[in-house]
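Here is the structure we will look at, set down as structure tokens.
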Amino acid sequence: MSFEVFEKLEAKVQQAIDTITLLQMEIEELKEKNNTLSQEVQNASGNHEALVRENQQLKEEQHVWQDRLRALLGKMEEV
């Protein structure tokens, strides 16, 4: 009788070990995925900053062209 109890206990222990092993593997996969996503976020943030700078530069260029166009239109009206 005690041998059967020991076998059941051994089976439960083995099941617990298997579950722990699977959970550890899942944790490692999630850590890797988290690292990948963190890198993607950093890249996206860098791209966002570059796009904001480019947008600001283009707006400044647009203002310069608008001022030049206004100046040319002003000269044309004088003629």
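Nothing here was measured: the structure is a model prediction, and the numbers come from that model.
Distance check: Arg70 CZ to His63 NE2 gives 9.0 Å after rounding to the nearest 0.5 Å. Taken to the nearest 0.5 Å, the CG atom of Asn47 stands 12.0 Å off from the CD atom of Gln42. A distance of 11.0 Å separates CD1 of Ile20 from CD of Gln15, quoted to the nearest 0.5 Å. Here the straight-line distance linking atom CG of Leu30 with atom CG of Leu37 works out to 10.0 Å at 0.5 Å rounding. For the atom pair Ile27 CD1 and Asn34 CG, the distance stands at 12.5 Å (nearest 0.5 Å). Note that the NZ atom of Lys31 and the CD atom of Glu26 stand 12.5 Å from one another [nearest 0.5 Å].
Exactly one of Gln56, Glu49, Glu54, His48 qualifies for a side chain to side chain contact (heavy atoms under 4.5 Å, CB included) with Val52. That residue is His48.
There is a side-chain donor-acceptor pair under 3.5 Å between Gln14 and Asp18.
Summarising the local packing, CD of Gln66 is surrounded by more than 12 heavy atoms from other residues, nucleotides or ligands at distances under 6.0 Å.
Follow the hydrophobic side-chain contacts under 4.5 Å out from Leu9 and you reach Ile17 in the same cluster.
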key: Full working for side chain to side chain contact (heavy atoms under 4.5 Å, CB included) between Val64 and Glu61   = CA-CA 5 Å; Val64 168; Glu61 288 179 22; 5.6 Å; no
